[in-house]
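Owing to the predicted nature of the structure, the values given are computational and were not obtained by experimental measurement. Order of the sequence lines sets the chain letters (A, B, ...), proteins ahead of strands, with each chain counted from 1.
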Amino acid sequence: MIRVGVVEDSFLRRTDPRTRIALALLVSVAVMLPLAPLAAFAAVYVAFVVAAGVGAQAWEPVWRIRRLLLLLFVVDWLFVGLDLAVVVTLRLGLLVTAFQVVLATTRPEELREALERLGMPERIAFSLSVAQRSLGDFEREWRRILEAQQARGIEFVVDGDTRMQRLRRWWRQSLGLVVPAIVLATQRAWAAHEAAAARGLGSAPASREPAPLPKSDLFLLAGVAACFLGLTLWR
Amino acid sequence: MKSASTFQWLLLAMFASLLVAARVALHLPIKVPGHSGLFWMAILLTASSVVPRTGAATATAGLAAILAVFVGVGDRGALATIAAYLAAGAGVDVLRTLSGRRESAAAFALAGLAGNLAKLAVMVAIEILAGVPAGFVLVGRVYTLATYSLFGVLGGMLAFAVVRALRRAGYFAFLEGRR
């Protein structure tokens with residue numbers, strides 16, 4: 001199911017979304033550190049995530065790829081060594097959780113505002129927000145089209161089919177699935193365009209002003225950057 | 001894509017939304033790596049035909065990546081999701097441009113193949129960058145390479161069939177008056 005909702009009581013909610021994006025990018029870059037500083041960084045990051053109240057959200061993607069992580073850990077350990085096994089596991093773990101801090105604390109409309117403030121043109125940001133609002137509807141529509149096909153006796157799976165028969169059946173039915181979805185998406189795009197034109201989208205200058213980051217955010221970013229720099233210089 | 005109209009951006013954004021919703025809603029019963037490429041490539045290639053501009057597929061994929069990241073679709077983290085989606089879009093765009101935007105089953109199949117393989121290439125690159133020995137990654141991906149290729153080609157051919165069906169139904173004529 002499509003996820004909604006953010007952790008309202010996290011202290012990160014009081015920061016600018018751009019600060020959270022910058023933090024996530026910093027974490028993504030930090031995965032290139034060697035073992036000792038990487039382990040230290042991971043420990044600090046885990047403490048930070050827990051303090052921010054988003055530990056469960058950060059853990060979720062790691063749990064989702066637990067089998068891959070375990071397999072890589074074992075294979076790397078057996079064929080290369082424990083150091084590499086730990087480094088690879090930490091890097092992949094950090095990479096999959098890097099943006100969870102942003103996701104768990106930022107509403108989609110806040111992200112859109114942040115992207116606009118970072119220079120995304122107004123009409124692209126508008127299109128993105130319309131698309132985001134349509135996600136749930138499209139999810140339901142895909143299911144409805146599938147159900148309609150099944151009601152007409154068209155099945156994607158028939159018990160006893162071999163993999164090849166399933167593939168053939170799947171291919172045949174896919175056309176009937178995609179064409180109505182494309183038409184529906186076009187109708188929605190046109191309706192959104194008409195509504196936006198009626199409200200004068202594009203006729204007024206962009207409403208988002210390039211607001212500077214609050215001082216507290218700058219301190220937070222500077223602290224994390226200093227920590228990262230210290231770890232980079234650590235040999 | 002700078003000169004694209006608001007309606008064209010809305011179309012691409014809606015196709016992006018369709019892509020992400022398909023990832024969530026369409027759990028089809030084939031447990032083969034890369035099978036999502038069938039709908040992926042079909043929608044990306046249809047988007048690049050509906051909005052015939054260089055970069056249309058990449059723009060659709062980029063918008064889909066932002067949406068996917070925000071609804072928690074994609075199991076390798078935000079950066080990997082964005083990179084993989086963009087690579088798929090770029091692969092489609094490059095092949096569409098090289099083929100002169102020709103509308104033939106072969107051109108679409110090749111573009112689908114390029115898009116799905118570009119997505120796989122990014123995932124492999126991320127694993128190698130993360131430090132997984134390249135030999136392990138490449139050996140472990142031989143089967144995956146074959147299935148990604150298959151579904152990329154099928155996705156391209158599906159897109160060709162979709163575009164042809166839309167053309168016959170007068171969809172492109174409908175769009176002409178609304179650009």
Residue pair A:F41, A:L26: steps toward the side chain to side chain contact (heavy atoms under 4.5 Å, CB included) verdict: CA-CA 11 Å; A:F41 184 85; A:L26 206 61; 5.8 Å; no
Contact class of B:L63 relative to chain A, heavy atoms under 4.5 angstrom: both
Top contributor to chain B contacts, counting heavy-atom pairs under 4.5 Å, from A:L175, A:L184, A:L95: A:L175
Are B:R164 and B:F108 in a cation-pi setup, meaning NZ or CZ lies under 6.0 angstrom from the ring centre and within 45 degrees of the ring axis? no
Answer with side chain, backbone, both or neither: which region of A:V88 has an atom nearer than 4.5 Å to a non-hydrogen atom of chain B? both
Report which part of A:L128 has an atom under 4.5 Å of a heavy atom belonging to chain B: side chain, backbone, both, or neither. both
Residue selection (most heavy-atom pairs with chain A, distance under 4.5 Å) from B:T46, B:I43, B:L158, B:I66: B:L158
Could you tell me which of A:V75, A:L25, A:V62 has the largest number of non-hydrogen atom pairs under 4.5 Å with chain B? A:V75
Check this for me: does any side-chain nitrogen of one of A:E141 and A:R144 sit under 4.0 Å from a carboxylate oxygen of the other? yes
Which of parallel (below 30°), tilted (30 to 60°) and perpendicular (above 60°) describes A:W77 and A:F73? perpendicular
What part of B:A161 gets within 4.5 angstrom of chain A, counting heavy atoms only: side chain, backbone, both, or neither? both
Between B:R96 and B:D93, does any NZ, NE, NH1 or NH2 come within less than 4.0 Å of an OD or OE carboxylate oxygen? no
Between A:L94, A:I182, A:V183, A:L92, which residue shows the highest count of heavy-atom pairs closer than 4.5 Å to chain B? A:I182
With chain B as the partner, which of A:V179, A:T186, A:D76 has the greatest number of non-hydrogen pairs under 4.5 Å? A:T186
State whether the number of non-hydrogen atoms from other residues, nucleotides or ligands found under 6.0 Å of A:F79 atom CZ is greater than 12. no
By a 4.5 Å heavy-atom criterion (distance strictly below it), what part of A:A192 contacts chain B: side chain, backbone, both, or neither? both
So which of A:L90, A:L84, A:D137, A:I124 has the biggest tally of heavy-atom pairs under 4.5 Å with chain B? A:I124
Contacting moiety of A:S134, where chain B heavy atoms sit under 4.5 Å: both
Are side-chain heavy atoms of B:H35 and B:T147 found at a separation under 4.5 Å? no
More than 12 heavy atoms of other residues, nucleotides or ligands under 6.0 Å from CZ of B:R102: yes or no? no
